[in-house]
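Here the structure is laid out as structure tokens; the discussion comes afterwards.
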Amino acid sequence: MQKTLADSVIVLDFETTGLSPQYGDRAIEIGAVRLEQGRIVDRFQKLMNPGFRISRFIEEYTGITNEMLRREPPCEEVMAEFAGFIEGHHYVAHNASFDRRFLEAELKRAKRTYTGECCCSLLVSRRIYQDAPNHRLQTLVAHAGVARTGSFHRALADAEMTAYVWQSMIERVRSQYGVPVVFFDQMRELSKLSKLYAHRYLSSLAESHERGQERQD
DNA sequence: TGCCAGGCCCTCTTTAGGGCCTT
């Protein structure tokens, strides 16, 4: 896959029956948006039937009920369709290790493959928004001052708001560190560094850009 | 019916423990 701009990715979110696909939990909703140069140009949202009744806790947590899922298509059918939506793109998710486990498990059941990379907006936010009271999505939406697009804990609204938080973090890299073009791989690298080295890394990106500009001049 | 995980990150750390995040 060629070098990707940080603001041209898929941002996705799953609602699920629990925390662990290894213990039988399944996806019940997928929501995703496609960013192109910082603008949402496409959306994907589907409920899916996991094949068993979901707990009352999940009904209350997400607002998705057993009645709503009763006539929805099975996970395999929805995820086969989603494989086409995400194909050829990297993706971002809030606490991506959680969504990655469900994406891999559900795509495997649907007999589909995906070869892109993921980046965690939660880990990036711990470097970019070190002054936030915490790094839950709901808190970051308020902290970054981005639009609330719907109910929290519904997949498409969470994906949209994650996309806006992601975009605001890219803007901060641009404005605070003077890095005009930010790549997906650079955000991934940033997410893996300690807070101290994250600051140094961002400063080095700006210096690299300035050296590039000098060579052009 | 009720239960389960896992990776990151900080510190009173590294021969560890516990909070944060996601559903």
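Quantities reported herein were computed from a predicted structural model and do not represent experimental measurements. Here is the naming used below: chain letters follow the sequence lines, and residue numbers restart at 1 for every chain.
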Using atom [atom1] of each nucleotide, how far apart are [N] and [M] to the nearest Å?
{"N": "B/dT15", "M": "B/dC20", "atom1": "C1'", "value": "25 Å"}
{"N": "B/dG17", "M": "B/dC12", "atom1": "C1'", "value": "11 Å"}
{"N": "B/dG18", "M": "B/dT13", "atom1": "C1'", "value": "12 Å"}
{"N": "B/dT1", "M": "B/dG6", "atom1": "P", "value": "26 Å"}
{"N": "B/dC4", "M": "B/dT11", "atom1": "C1'", "value": "28 Å"}
{"N": "B/dC3", "M": "B/dC8", "atom1": "C1'", "value": "24 Å"}
{"N": "B/dT14", "M": "B/dC21", "atom1": "C1'", "value": "24 Å"}
{"N": "B/dA5", "M": "B/dT23", "atom1": "C1'", "value": "11 Å"}

A/His135 side-chain N/O to B/dC20 phosphate OP1/OP2 under 4.0 Å: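 So the side-chain polar atoms of A/His135 never come under 4.0 Å of the phosphate oxygens OP1 or OP2 of B/dC20.
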query: What ring-ring contact (aromatic ring centres under 6.0 Å, His included) pairs are there with at least one residue in residues 160-183 of chain A, not counting sequence neighbours?
result: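 Of all non-adjacent pairs touching residues 160-183 of chain A, those that pass ring-ring contact (aromatic ring centres under 6.0 Å, His included) are A/Tyr177-A/His199.
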Going by atom type alone, with no hydrogens or angles, which donor-acceptor pairs under 3.5 Å involve a side-chain atom of residues 135-143 of chain A and a protein atom two or more places apart or on another chain?
unit_1   : atom_1 : unit_2   : atom_2 : d
A/His135 : NE2    : A/Tyr129 : O      : 2.9
A/Thr139 : OG1    : A/Asn134 : OD1    : 2.7
A/Thr139 : OG1    : A/Asn134 : ND2    : 3.4
A/His143 : NE2    : A/Asp131 : OD1    : 3.3

- prompt: Taking atom CD of A/Glu189 and atom OG of A/Ser191, what is their separation to the nearest 0.5 Å?
  reply: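 Those atoms lie 8.0 Å apart.
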task: Mind checking the CD1-CG spacing from A/Ile170 to A/Asp7? Nearest 0.5 Å is all I need.
output: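 These two atoms lie 5.0 Å from each other.
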More than 12 heavy atoms from other groups under 6.0 Å of CZ on A/Arg39: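 Incorrect, the count does not exceed 12.
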query: Do you reckon A/Leu122 sits in the same ILVMFWY cluster as A/Met161, going by side-chain contacts under 4.5 Å, direct or chained?
result: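 No.
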Connected hydrophobic set around A/Leu69, excluding itself, where side chains approach under 4.5 Å: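 A/Leu69 shares its hydrophobic cluster with A/Ile28, A/Leu47, A/Ile54, A/Phe57, A/Ile58, A/Tyr61, A/Ile64, A/Met68.
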Interatomic distance where [atom1] belongs to [X] and [atom2] belongs to [N] [whole Å]:
{"X": "A/His94", "N": "B/dC20", "atom1": "NE2", "atom2": "P", "answer": "14 Å"}
{"X": "A/Arg136", "N": "B/dC20", "atom1": "CZ", "atom2": "C1'", "answer": "8 Å"}
{"X": "A/Leu140", "N": "B/dC20", "atom1": "CG", "atom2": "C1'", "answer": "12 Å"}
{"X": "A/Glu29", "N": "B/dT23", "atom1": "CD", "atom2": "P", "answer": "11 Å"}

query: When we call it a touch if two heavy atoms are under 4.0 Å apart, what does A/Ile28 touch: a base, just sugar-phosphate, or nothing?
result: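 If one applies the 4.0 Å heavy-atom cut-off, A/Ile28 turns out to touch nothing in the nucleic acid.
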Expected rows: protein N/O vs nucleotides 7-11 of chain B N/O, under 3.5 Å:
unit_1 : atom_1 : unit_2   : atom_2 : d
B/dC9  : OP1    : A/Arg127 : NH1    : 2.2
B/dC9  : OP1    : A/Arg127 : NH2    : 2.1
B/dC9  : OP2    : A/Arg127 : NH2    : 3.3

Return a table of donor-acceptor pairs under 3.5 angstrom between the side chains of residues 145-152 of chain A and protein atoms on other chains or two or more places apart.
unit_1   : atom_1 : unit_2   : atom_2 : d
A/Arg148 : NE     : A/Gly150 : O      : 3.1
A/Thr149 : OG1    : A/Ala157 : O      : 3.4
A/Thr149 : OG1    : A/Glu160 : OE1    : 2.9

Tell me which residues in [range] put a heavy atom below 4.0 Å from DNA chain B, sorted by number, or none.
{"range": "residues 147-158 of chain A", "value": "A/His153, A/Asp158"}
{"range": "residues 15-27 of chain A", "value": "A/Glu15, A/Thr16, A/Gly18, A/Leu19, A/Ser20, A/Gln22, A/Tyr23, A/Asp25"}
{"range": "residues 48-60 of chain A", "value": "A/Phe57, A/Ile58"}

- request: Report the residues that fulfil side chain to side chain donor-acceptor pair (under 3.5 Å) with A/Glu67, sequence neighbours left out, ordered by chain and then residue number.
  value: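 In terms of side chain to side chain donor-acceptor pair (under 3.5 Å), with neighbours along the sequence ignored, A/Glu67 is linked to A/Arg70.
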query: Quick one: which of A/Arg112, A/Lys111, A/Lys108, A/Arg26 gives a salt bridge (Lys or Arg N to Asp or Glu O under 4.0 Å) with A/Glu76?
result: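 The single option meeting the salt bridge (Lys or Arg N to Asp or Glu O under 4.0 Å) with A/Glu76 is A/Arg26.
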- prompt: Hey, are A/His94 and A/Ser121 close enough side-chain-wise for a donor-acceptor pair under 3.5 Å?
  reply: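 A donor-acceptor contact under 3.5 Å links the two side chains.
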query: Who passes ring-ring contact (aromatic ring centres under 6.0 Å, His included) against A/Phe184, sequence neighbours left out?
result: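 Listed in chain order: A/His90.
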- request: Could you tell me which residues satisfy ring-ring contact (aromatic ring centres under 6.0 Å, His included) with A/Tyr91, sequence neighbours excluded, listed by chain and number?
  value: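 Per chain and number, A/Tyr91 pairs via ring-ring contact (aromatic ring centres under 6.0 Å, His included) with A/Tyr114.
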message: Listing request: all side-chain hydrogen bond (donor to acceptor under 3.5 Å, both in side chains) pairs with a residue in residues 8-18 of chain A, at least two apart in sequence or in separate chains.
response: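 Sorted result for residues 8-18 of chain A: A/Thr17-A/Asp25.
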